[in-house]
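As a basis for the values below, the full set of heavy atoms in this structure was taken, side chains included, without hydrogen atoms, waters or symmetry mates. Order of appearance sets the numbers: ligands from 1, and atoms from 1 within every ligand.
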Amino acid sequence: MSIKIALAGNPNSGKTTLFNGLTGSNQYVGNWPGVTVEKKEGRMKWDKEATLVDLPGIYSLSPYTLEEVVARNVLLGERPDAIINIVDGTNLERNLYLTTQILELGIPVVMAINMMDLVEKEGDKINTERLGKALGCKVVEISALKGTGVQEAAQAAIAAAKEKGGQRPIHKYEDKIETALNQIEARIGRSVSETEKRFYAVKLFERDSKIADSMTQIPNVEDIVSAVEAAMDDDAESIITGQRYAYIEKVIKDSYTKKRKTAMSTSDKIDRIVTNRILGLPIFAAVMFLVYYISMVTVGAALTDWVNGPLFEETILPGLADFFKTAGVAGWLSGLVIDGIVAGVGAVLGFVPQMLVLFICLAILEGCGYMARVAFVMDRVFRKFGLSGKSFIPMLVGVGCGVPAVMASRTIEADRDRKMTIMTTTFIPCGAKMPIVALIAGAIFDGNPWVTTSVYFVGVAAIVVSGIILKKTKMFAGDPAPFVMELPAYHIPTFGFVMRSMWERGWSFIKKAGTIILLSTIVVWFLSSFSFQGGLHMLDDVLEQNTSILASLGNLLAWIFIPLGFGTWQATVAALTGLVAKENVVGAFGILYGFAEVAEDGAEYWGQLAAAFTPAAGYAFLVFNLLCAPCFAAMGAIKREMNNTRWFWFAIGYQCVFAYLVALCVNQFWIFFAGGGFGIGTAAAMVIFVGFLYLLFRPAKEEKLPVHSRIGGAA
Ligand code: GDP
Ligand code: MG
């Protein structure tokens with residue numbers, strides 16, 4: 001007989017850590033809520049009969065966020081045989097709010113109090129015996145991180161599942177409410193099983209329309225509910241919430257002994273500085289600067305130089321060329337391998353060391369708990385612009401890859417805020433865009449650290465500006481929903497976590513180089529080495545490249561980018577291949593400017609590239625590629641999450657137009673301020689700039705949509 005056990009708990013309570021520990025799988029453990037937005041299943045290590053389902057983190061079973069709906073549907077629809085309710089022991093009171101709801105489902109529950117290592121360090125004590133009695137379920141203490149007690153928790157859950165027959169919750173509401181709930185249960189009739197009735201009755205009492213709609217036969221209970229509301233002078237949902245909290249307070253008082261009443265922990269002390277109103281942002285800026293400095297300019301760059309120089313240009317390329325010559329390989333084949341694949345894929349792989357250093361830095365920041373604080377700091381900033389700090393979480397994820405970032409937007413409850421976040425998240429430079437940044441900074445700006453770091457701030461600024469502009473349109477008007485999130489205690493990230501996180505991101509980077517980028521490289525090489533002019537033939541000189549098929553194609557569109565400063569077919573083609581995968585931009589340049597490499601005794605193609613761009617054009621190119629439509633994979637994610645073709649195209653269109661206008665301003669103003677004189681381009685840039693200012697500062701549309709505020713522990 002197979003058993004299904006669901007893992008439910010608040011965000012950041014350690015569900016995924018426990019899930020990995022119990023199933024031996026390797027799901028991503030994030031240090032901020034919203035990392036697990038889909039349910040995941042796995043087989044229990046000790047009992048292959050038992051399947052474990054990891055649910056997204058939730059604060060309640062009310063249908064406010066998409067995640068809460070996902071979790072609720074699994075719990076109600078699939079009815080697992082048992083639930084392990086994982087709670088954060090350092091934050092018991094808030095976590096128990098969800099517990100009181102889970103206990104009403106009528107499914108056997110085992111409560112696993114996690115983070116016991118931290119609780120014990122504080123010197124606090126939890127009487128599990130008493131807590132279990134008060135709640136009516138088995139309680140075990142665990143540390144998912146250290147692995148203590150997890151097997152016991154699993155076995156307790158399996159035992160509970162085998163007992164079958166869920167129990168009714170032992171918590172009783174105030175008499176008036178109990179009477180009302182019993183009346184409602186009677187009206188529910190037989191469409192719902194006896195053990196589940198309590199949950200449905202409470203939800204109907206709260207006027208939860210989604211639950212009502214899911215029932216085959218919806219009882220009318222409005223008279224009962226309004227009678228209680230009138231008697232207690234409060235709305236039904238608040239009545240229930242208040243009662244839950246009163247219950248929790250009592251339970252905790254009886255079974256939780258705090259050692260120190262008010263003393264501040266080290267974490268709190270660090271937070272006083274790091275999340276400080278004034279210092280928070282500058283600290284964040286400094287930290288990001290340091291991260292990019294280390295990975296792009298110092299350590300990472302040194303490694304990359306070595307890979308590009310001694311390894312590629314001095315060893316692999318000449319070696320291959322010699323080999324092909326002696327072996328007498330056909331000219332086109334050696335061209336394909338050396339000028340195409342090695343130049344293209346090699347240009348991308350050359351950045352692997354920098355990527356890995358960047359990923360290590362980010363993993364450390366994330367693992368120690370700092371990134372969670374940043375979301376908190378950013379919430380204060382974003383709120384001023386009508387966005388919530390929740391929008392910042394997808395952006396944090398987006399530093400790695402845009403695909404999970406777009407998916408992480410599911411944590412945002414207000415639909416319009418979610419759509420806006422989906423539209424703007426990919427402005428953040430993802431891992432795949434970093435090689436472009438490193439290339440442009442290295443080739444054109446002599447590795448200037450301000451250029452590399454600035455892209456991050458360009459991304460954030462683009463989001464803030466878009467946020468303000470979009471919020472003022474009728475489509476997006478409305479106040480942001482309140483933002484709550486657990487701040488986990490600071491801890492030194494484990495070596496394993498840092499390595500795994502680096503490897504996961506780094507490996508997907510390398511894998512892409514071997515697949516999609518390899519393919520694109522071959523196509524680019526072919527198109528750039530053959531010409532239609534005078535019948536299809538292979539070009540035998542680099543200088544003829546301007547007549548290649550690729551050049552003809554690029555020239556069709558290159559004029560579009562003239563105002564941006566990079567109206568060459570090479571840059572156009574590079575930007576276009578970037579839509580397939582952003583690393584392609586670098587790969588394409590490797591081929592298009594690398595041709596000369598062999599010809600001019602190994603001159604670095606960076607020099608060729610630098611000659612083709614003015615600094616203004618180079619930076620405009622960078623900005624354009626950073627902000628325009630993301631790669632196909634991320635566009636797919638946007639399409640899925642928007643779930644609407646018109647919204648999808650609106651998002652992509654917005655990104656491209658925005659990128660174009662900003663890049664145009666960058667190029668034109670740069671030229672003007674560098675003393676290039678006032679031209680028609682400058683005038684156009686001024687008009688665009690004034691347009692932006694107007695959109696930023698015009699009064700908002702007055703239509704304020706009603707925003708529900710979350711009650712209780714979640715607000
Ligand atoms: P989820 O959001 O509920 O899936 O939580 P995660 O499993 O992603 O864990 C959130 C954070 O808490 C991670 O940084 C974990 O390393 C940390 N964590 C999980 N369990 C424990 C524990 O028992 N003790 C301590 N100190 N940290 C833990
Ligand atoms: Mg998780």
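Counting heavy atoms closer than 4.0 Å to ligand 1, residue Asp117 contributes side-chain atoms (C-beta onward) but none from N, CA, C or O. When heavy-atom distances to ligand 1 are checked against a 4.0 Å cut-off, Leu118 comes that close only through its side chain, counted from C-beta outward. Contacts with ligand 1 closer than 4.0 Å are made by heavy atoms of both the backbone and the side chain of Thr16.
Between Ala144 and ligand 1, at least one N/O pair is under 3.5 Å apart. At a 3.5 angstrom cut-off on N or O pairs, Gly14 counts as close to ligand 1. Considering both main-chain and side-chain atoms, Lys15 comes within under 3.5 Å of ligand 1 through a nitrogen or oxygen pair.
Remark: ligand 1 atoms within the under-4.0 Å shell around heavy atoms of His491 are 14 (O). Annotation for ligand 1: atoms under 4.0 Å from non-hydrogen atoms of Ser143 are 22 (C), 23 (O), 24 (N).
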Could you give the side-chain donor-acceptor pairs of residues 394-401 under 3.5 Å, partners two or more places apart or in another chain?
none

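Look at Gly9 and you'll find every heavy atom at least 4.0 Å from all atoms of ligand 1.
In the displayed structure, Phe289 atom CZ is contacted under 6.0 Å by more than 12 heavy atoms of other residues, nucleotides or ligands. Counting heavy atoms of neighbouring residues, nucleotides and ligands inside a 6.0 Å radius, atom NZ of Lys48 exceeds 12 of them.
In this structure a side-chain-to-backbone donor-acceptor pair under 3.5 Å is missing from Asp81 to Ile3.
Screening residues 148-161 for side chain to side chain donor-acceptor pair (under 3.5 Å) gives no qualifying pairs among residues at least two apart or on separate chains.
Checked for salt-bridge contact, Lys121 and Asp117 miss the test: no charged N lies under 4.0 Å from a carboxylate O.
In terms of heavy-atom proximity, Ser13 sits nearest to Asn10 at OG-O, 2.7 Å.
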